[in-house]
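I have placed the structure first, in the form of structure tokens, so that the comments after it can refer back to it.
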Amino acid sequence: MSEDRDNEKLLKALLDKGKVNGDDVIAIKGEMRRNKLPLEHVLLDLGLIGEQDLLEFTAQQLRVPFISLEGMSPDPDVVTIIPEPFARSNAVIALERRGAHLLVAAANPTDLGLSDTLTGLTRCRLDMHLASRGEILKKLGDYHDHYQAMAVERLLSNVRDKGTSLARQMGLSLAELGDSNEANTAIRTLNLLLLQALIKRASDIHVEPSSKTLFIKYRIDGVLQTAQRLQPHLAPSLINRIKVMSRMDIAERRLPQDGSFHINVEGRAIDFRVATTPTVQGEKVVLRILDKQSTLMGLENLGFSNEQYLRLRQVIRRPNGIILMVGPTGSGKTTTLYATLMVLNTGHKNITTIEDPVEYQIDGITQIQVHEEIGLSFSSILRSVLRQDPDVVLVGEIRDLDTTKNAIRASLTGHLVFATLHTNDAVSAVTRLVDMGAEPYLIAPSLRAVISQRLVRTLCHRCKEEGPPDPVLLALLPEKFRSLPRAWHARGCRHCFNTGYRGRLPITEILVTDEQIRRLIVNRAPATELHQAAVDAGMTTIFEDGIYKVSKGLTTLEEVLGTIEAGE
């Protein structure tokens, strides 16, 4: 009942301020009843009020100060006063410490239980402010690496062997380990390399043998970097150790193998997907690091601009149809799709995914692994899933005409279907479906939206420098962007391992089909006409989104130009 009274008070305040009218209120209440959604979600989804206005109204009702986190860079030592799991689950973040007082932003600052617990955790007097839940979780994501580094450092402090000091120095000059026996050396070397990769936020570890050196390389923020050069005699024992952990055949060196293993760092499950392949210099091993807690992020934390985030939220609320996620390999498609499923995973919908492979397991969602070798393909699984009364279906990848036809059929019979496709931009997805053999008169009514995405590296907030744009790069831009007034540049510091970048964020374009676009699809209009119609209907192109994020100091012109050119 208290929640109903709060909703009525907020609606009345919005009416008094002229933000909504009587018809809007009727539509809002109907949407809340039908979809069992909170008032705030309905207001945002219907586009009746911006998030900033909504929060300011809420702050007035609660009689607490409102604070925006955009552009803030709190001290990591202050943020990490509150443990990360607690901060995430309660949407709360510490911002500033003044003596015994702690400035805290929370999505629910009037929760007395939360305040009591925080007082006990921090031993400070709290100055509570209201902030956007999305901004809080996004800001916590910026500090995830600090939390993880603290956890790894605590783990290292408990290790009692001579490798510990080397790992602490981050140089890992492993020659000192040579006087240990071979098995212990391999175990200790691998453990230290895994820990270093976690500290440096690597997504992949490459073990590459050569005639004179064993190269250890880490992929950090999408860029491969050489981390270590070890003695080549370490290669056989190190690779055998990886194989044993991954349950592979250590005697087989002529054929590629796949496997996996996982470790726990202070309760955090880290999975490693391992692939070996024979080369002329010996076996090469690549380990993909899958940190479930860091990757399964909310949609609001992935780095979308406010405009793209609201457009995406509206798109995924469609009751049926096909929503395609497109982009090259490594563009973050899977991460974004998981985040959208988490938005829809309210317990009121039957959600099923068909994946190859299933990278992360999500409670409340049915996930199915493709096994082509036994006939369990995307298409055959999809036909079976449609007999399981699904509301939402995720098809990991549309690869052939049969899967395309089944996805279209599912969307036309009342299901919401998400799928990925490898194309360079949103408009090309339509062309790709036609090339596969799908009929335009079926694509037009079933396709609801196409989301095209790339990832660019985020500037390190500790060392980025503002300055005039590089004139050489400006000359590469279309005419309307050459008046870009300011840009930021990557410098490099200890915080970002001297790269100038820390983390990645998406640049996106979202094509939403309307009557005009559907008519063009049926008439097999060229891609240029489809693109223009999408822009006329309000689509921000992926390039425009990239330039916007350059202007906000989130990334650089080099990143945007290099990433878009690399994918075309």
TODO: Show the numbers, then the answer: is there a side-chain contact (heavy atoms from CB on, under 4.5 Å) between I351 and D391?
DONE: CA-CA 6 Å; I351 303 175; D391 297 298; 5.9 Å; no
Task: Test log, rule side-chain contact (heavy atoms from CB on, under 4.5 Å), inputs L290 and F272 - done: CA-CA 6 Å; L290 305 172; F272 293 83; over 6 Å; no
TODO: Please assess T334 against L337 for the test side-chain contact (heavy atoms from CB on, under 4.5 Å), listing each intermediate value before the final yes or no.
DONE: CA-CA 5 Å; T334 300; L337 283 175; 5.7 Å; no
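For the pair V560 and V550, the minimum side-chain heavy-atom distance is below 4.5 Å. Proximity of I510 to F304: side-chain heavy atoms (C-beta onward) are nowhere separated by under 4.5 Å. Looking at heavy atoms from C-beta onward, T336 lies out of side-chain contact with I451 at the 4.5 angstrom threshold. Side-chain contact check for R502 versus R201: some heavy-atom pair is nearer than 4.5 Å. L140 is not listed as a side-chain neighbour of E84, based on a closest heavy-atom distance of 4.5 Å or more. No side-chain heavy atom of L224 sits less than 4.5 Å from a side-chain heavy atom of D204. Residues E544 and Y548 have side chains not in contact (no heavy-atom distance under 4.5 Å, counting atoms from C-beta outward). With a 4.5 Å cut-off on side-chain heavy atoms, V78 and L103 do not count as touching.
Judged by distance alone, with hydrogens and angles left aside, the side-chain atoms of Q367 form no donor-acceptor pair with the main-chain N or O of V358 at under 3.5 Å. A distance-only check finds no donor-acceptor pair linking the side chain of K200 to the backbone of A227 [under 3.5 Å]. In terms of modelled atom types and a separation under 3.5 Å, the side chain of H129 and the main chain of P109 share no donor-acceptor contact.
Taking the charged nitrogens against the carboxylate oxygens, D142 and K138 have no contact shorter than 4.0 Å, which rules out a salt bridge. A salt bridge does not link E307 with R311: none of the charged nitrogens is closer than 4.0 Å to a carboxylate oxygen.
Using a 30° and 60° split on the angle between ring planes, H461 and Y143 fall in the tilted class, from 30° to 60°.
Each of L287, V286, I216 was checked for a side chain to side chain contact (heavy atoms under 4.5 Å, CB included) with H206, and the lone residue meeting it is V286. T353 pairs with exactly one of I362, T366, L341 by the side chain to side chain contact (heavy atoms under 4.5 Å, CB included) rule, that one being L341.
The number of heavy-atom neighbours closer than 6.0 Å to CZ of R125, taken from other residues, nucleotides and ligands shown, is 12 or below. N306 CG: 12 or fewer foreign heavy atoms inside a 6.0 Å radius.
Screening residues 62-79 for side-chain hydrogen bond (donor to acceptor under 3.5 Å, both in side chains) gives no qualifying pairs among residues at least two apart or on separate chains. Within the structure, the salt bridge (Lys or Arg N to Asp or Glu O under 4.0 Å) test picks out the following pairs touching residues 456-468 (sequence neighbours left out): R457-E559, E465-R491, E466-R486.
Taking CG of N90 as the start and CG of N108 as the end, the distance is 9.0 Å to the nearest 0.5 Å. How far CG of L130 is from CD1 of I67: 10.0 Å, rounded to the nearest 0.5 Å.
Between K139 and I93 the shortest heavy-atom distance is CG-CD1, 3.5 Å.
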